[in-house]
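See structure below.
Everything quoted here is computed from the prediction, not taken from an experiment. Numbers here are sequence positions counted from 1.
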Amino acid sequence: MPLKWIDSLDIALDLLEKYPEVDPETIRFTDLREWILELEAFDDDPAHCNERILEAVQACWIAES
């Protein structure tokens, strides 16, 4: 099932698996956006991303770390 921008928790879990050494509290949103776009399961329009979405992904990633 492809990931969309609204799938904050699932995106965060994939990022945690792919980047276990990264502290999600220190990541820049520009890097976070690129990493999400590079996820194999991610399939959504890059133009639909905004700061609120990235904040939600980051918050989920922090909570799961």
Side-chain angles (χ1 to χ4, degrees):
M1 187 166 168
L3 295 174
K4 304 293 183 187
W5 288 116
I6 61 169
D7 300 320
S8 301
L9 179 57
D10 293 326
I11 291 171
L13 292 173
D14 278 9
L15 290 170
L16 180 60
E17 184 176 315
K18 188 169 182 177
Y19 303 102
E21 74 288 350
V22 172
D23 178 356
E25 293 187 43
T26 64
I27 191 168
R28 296 180 307 174
F29 281 170
T30 52
D31 293 334
L32 180 57
R33 182 180 182 277
E34 288 304 312
W35 290 359
I36 293 169
L37 294 174
E38 292 172 0
L39 291 174
E40 189 174 321
F42 187 78
D43 183 30
D44 204 350
D45 185 349
H48 289 157
C49 179
N50 60 43
E51 188 171 332
R52 192 166 131 204
I53 290 170
L54 295 173
E55 286 173 348
V57 171
Q58 183 186 38
C60 288
W61 191 356
I62 291 168
E64 295 297 319
S65 299

side-chain contact (heavy atoms from CB on, under 4.5 Å) partner of Ile11, the single match among Val57, Leu32, Leu16, Asp44: Val57
Same cluster (ILVMFWY, side-chain, under 4.5 Å), Val22 and Phe29: yes
Greater than 12 external heavy atoms within 6.0 Å of Glu40's CD: no
Cluster link Ile6 to Leu9, ILVMFWY, side chain under 4.5 Å: no
Nearest-0.5 Å distance, OG of residue Ser8 to CD1 of residue Ile53: 7.5 Å
Aromatic ring pairing Trp35/Tyr19, orientation class (parallel under 30°, perpendicular over 60°, tilted between): parallel
SG on Cys49 to CD1 on Ile36, rounded to 0.5 Å: 6.0 Å
Residue list, side-chain contact (heavy atoms from CB on, under 4.5 Å) with Asp14, at least two apart or on another chain: Leu3, Leu39, Ala41
ILVMFWY network linking Ile27 to Trp5, side-chain heavy atoms under 4.5 angstrom: yes
Contact summary for Glu38 and Lys18, nearest pair of heavy atoms: O-NZ, 4.0 Å
Chi angles and distances behind the side chain to side chain contact (heavy atoms under 4.5 Å, CB included) call for His48, Asp45: CA-CA 6 Å; His48 289 157; Asp45 185 349; 3.5 Å; yes
Atom pair CG/CZ of Leu15 and Phe42 - distance to nearest 0.5 Å: 10.5 Å
Straight-line distance of Lys4 NZ to Met1 CE, nearest 0.5 Å: 9.0 Å
Arg28 side, atom CZ; Arg33 side, atom CZ - distance, nearest 0.5 Å: 14.0 Å
Spatial distance of atom CD (Glu17) from atom CG (Leu13) [nearest 0.5 Å]: 9.0 Å
Any donor-acceptor pair under 3.5 Å from Glu64 side chain to Ala12 backbone: no
By salt bridge (charged side-chain N to carboxylate O under 4.0 Å, His left out) - contacts of Arg52 (at least two apart): none
